[in-house]
Amino acid sequence: MKIGFIGLGNMGAPMASNLAQTGHEVYGYDIAAQPPESVRRCTSLDEVIRDRDIVFTMLPSGESVREVSADIITLMESQKTIVDCSTVEYSVAQDVAQQAQTHQINFLDAPVSGGSIGATNGTLTFMVGGALDTFNATKPLFEIMGSKVVHCGAVGSGQIAKICNNMIVGATMIATCEAYGLASNLGLDLNILHEVISQSSGFSWTNNVYCPVPGIGPSSPADNDYEPGFAIQLMLKDLKLAQSAAHSVKLDAVLAAKATEYYQLLSDSGLAEKDFSAVMLRFLNSSD
Ligand code: NAD
């Protein structure tokens, strides 16, 4: 297949590289970053889009996805496919899909989880929204870049699944850190607490797999000075998308709102680039 890939940052570069290494012709374009070795460098949008069977985008924001997609739709032949893997407003996915449809171009929103490590190892989870036949035709490419691919429903539903998941993880991380902070202040051995929670009703991914306390549980960013992992600024971005989506349906998501404030505070205090489990630093410091 001839594949265009736009946005070759932390995520896009390894994803494009994994596609290229399975024998596909992959053409890459980025306004700043250089493509990885296996990806052919394009110097214009025109070059990366024309004559491609499919074009992937992996961009930082809804605004950039809207802008780039408008160009893709103008330059692409009908019956071809655009797949946006960025995390953006579900309404952006719906708007772009509608514009694509007027040119008989297929569109899927396919945000991912798994971070840059998952992108490099080809173990991302894809949450995909859009027509089932387009999804089925694209699935083999998702399976090169990921280990789990879920068709979530109509266009926009991939983005909705993604922000709902991160609402839970964002709030659960704070709850986990508060519990370890309390236990620490009350003198409980935190290894014992981990053992108990891991097998009790308080178990969660943030405790069992990604424990925010250094030296406790399996290896995690906490053991590496909170280097990401998944940075606070990315969690904050996703929680803001979730808040905006909640407002759009008048849902009072109190915990997610509080979690958003929390990560904003941490980001403003200079921790934006640290892993989101660095919430724990507030409680480790308070027990000093
Ligand atoms: P990044 O900033 O490393 O990469 C984005 C790339 O897009 C940059 O290289 C930038 O130069 C390029 N770009 C921006 N505007 C462009 C344009 N108009 N045309 C061409 N290229 C353009 O970001 P990332 O970490 O790779 O994340 C990409 C997307 O994936 C984001 O939406 C993010 O929320 C999502 N995401 C990231 C992670 C993660 O752990 N990094 C995890 C899941 C989802």
Side-chain angles (χ1 to χ4, degrees), residues 4-18 27-36 39 41-49 52 55-75 82-93 96 109-128 142 145-148 150 158-167 169-170 173 210 220-221 226-242 244-245 263 267 272-278:
F5 210 113
I6 303 174
L8 301 168
N10 291 326
M11 298 294 288
M15 290 165 74
S17 174
N18 283 338
Y27 298 79
Y29 174 77
D30 192 294
I31 47 170
Q34 292 297 319
V39 173
R41 178 167 178 258
C42 297
T43 52
S44 69
L45 278 175
D46 187 80
E47 195 185 350
V48 75
I49 294 162
R52 308 298 163 233
V55 172
F56 285 86
T57 49
M58 193 47 161
L59 295 164
S61 63
E63 200 187 336
S64 55
V65 170
R66 274 189 199 280
E67 247 176 59
V68 170
S69 301
D71 286 328
I72 303 176
I73 290 166
T74 316
L75 294 164
I82 304 171
V83 182
D84 179 39
C85 297
S86 328
T87 305
V88 297
E89 297 82 354
Y90 71 94
S91 54
V92 168
V96 172
D109 58 300
V112 300
S113 78
S116 55
I117 295 171
T120 302
N121 295 341
T123 54
L124 293 170
T125 295
F126 282 87
M127 296 153 257
V128 189
F142 292 136
M145 298 181 281
S147 52
K148 177 85 182 157
V150 183
Q159 297 293 352
I160 294 169
K162 161 93 189 177
I163 56 174
C164 289
N165 180 69
N166 282 10
M167 269 170 89
V169 186
M173 178 56 82
Y210 206 87
S220 72
Y226 296 98
E227 286 308 307
F230 190 61
I232 283 175
Q233 59 185 349
L234 289 173
M235 176 54 84
L236 185 57
K237 172 190 168 183
D238 292 2
L239 287 175
K240 285 181 176 171
L241 290 173
S244 154
Y263 290 107
S267 174
E273 310 277 341
K274 288 289 184 186
D275 187 73
F276 79 114
S277 57

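Both ligands and their constituent atoms are indexed starting at 1 by order of listing.
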_Neighbour count above 12 (heavy atom, 6.0 Å) for Glu227 CD_ = yes
Please check: side-chain N/O of Arg52 versus main-chain N/O of Glu47, any donor-acceptor pairing under 3.5 Å? yes
- prompt: For the side chain of Gln159 and the backbone of Val88, is there at least one donor-acceptor N/O pair under 3.5 Å apart?
  reply: yes
Nearest heavy-atom approach of Val65 to Ser86 is CG2-OG, 3.5 Å
Please state whether the rings of Phe276 and Tyr263 are parallel, tilted or perpendicular, taking 30° and 60° as the class boundaries.
tilted
Quick note on ligand 1: atoms under 4.0 Å from a heavy atom of Val112 include exactly 43 (C), 44 (C)
Could a heavy atom of Ser113 be found less than 4.0 Å from some atom of ligand 1? no
Is there a donor-acceptor pair closer than 3.5 Å between any side-chain N or O of Ser220 and the backbone N or O of Tyr210?
-> no
Restricting to heavy atoms, the pick from Gln233, Met11, Lys237, Met58 nearest atom 34 (O) of ligand 1 would be Lys237
When every non-hydrogen atom of Ala245 is compared with those of Tyr90, the smallest separation belongs to CB-CE2, 3.8 Å
Test item: protein heavy atom less than 4.0 Å from atom 2 (O) of ligand 1: no
Residues passing the ring pair (Phe, Tyr, Trp, His ring centres under 6.0 Å) test with Phe142, sequence neighbours excluded, are Phe126
A student comparing Leu59, Thr125, Thr57, Ile6 should find that the heavy atom closest to atom 28 (C) of ligand 1 comes from Leu59
Heavy-atom closest pair (Phe56 atom, Cys85 atom, distance to 0.1 Å) is CD2-SG, 3.8 Å
Residue, atom and distance of the protein heavy atom nearest atom 21 (N) of ligand 1 read Ile31 N, 3.4 Å
Per-atom filter on ligand 1: closer than 4.0 angstrom to a heavy atom of Val68 are 17 (C), 18 (N), 19 (N)
What do you reckon, does Glu67 put a non-hydrogen atom under 4.0 Å from ligand 1? no
Within 4.0 Å of some non-hydrogen atom of Ser86, the atoms of ligand 1 are 32 (O)
Inset, instruction - For atom 18 (N) of ligand 1, decide whether some protein heavy-atom distance is shorter than 4.0 Å. - result: yes
Going by the 4.0 angstrom heavy-atom rule, the piece of Leu234 near ligand 1 is side chain
Check: Would a distance-only check, ignoring hydrogens and angles, find a side-chain to backbone donor-acceptor pair under 3.5 Å from Asp275 to Ala231?
Finding: no
message = Main chain of Pro35, side chain of Asp30: is a donor-acceptor contact present, judged purely on distance under 3.5 Å?
response = no
Tell me if a side-chain donor or acceptor on Thr120 pairs with a main-chain N or O of Ser116 at a distance below 3.5 Å.
yes
heavy-atom search around atom 40 (O) of ligand 1 in the protein gives Gly115 CA, 3.4 Å
The atoms of ligand 1 lying under 4.0 Å from a heavy atom of Ala32, numbered in the order shown, are 11 (O)
- Is there at least one pair of N or O atoms, one from Lys162 and one from ligand 1, spaced under 3.5 Å apart? no
Quick note on ligand 1: atoms under 4.0 Å from a heavy atom of Asn10 include exactly 3 (O), 25 (O), 26 (O)
- Item | Contact (N/O only, under 3.5 Å) between Cys85 and ligand 1 | no
In this structure, atom 4 (O) of ligand 1 is nearest to the protein heavy atom Gly9 CA, 3.3 Å
Of all protein heavy atoms, the one nearest atom 14 (C) of ligand 1 is Pro60 CD, 3.6 Å
Ligand 1 atoms nearer than 4.0 angstrom to some heavy atom of Gly7 are 7 (O)
Would you say the side-chain atoms of Lys162 pair up with the backbone N or O of Asp238, donor to acceptor, closer than 3.5 Å? no
the protein heavy atom lying closest to atom 35 (C) of ligand 1 turns out to be Thr87 OG1, 3.6 Å
Asp30, any N or O under 3.5 Å of ligand 1 N or O: yes
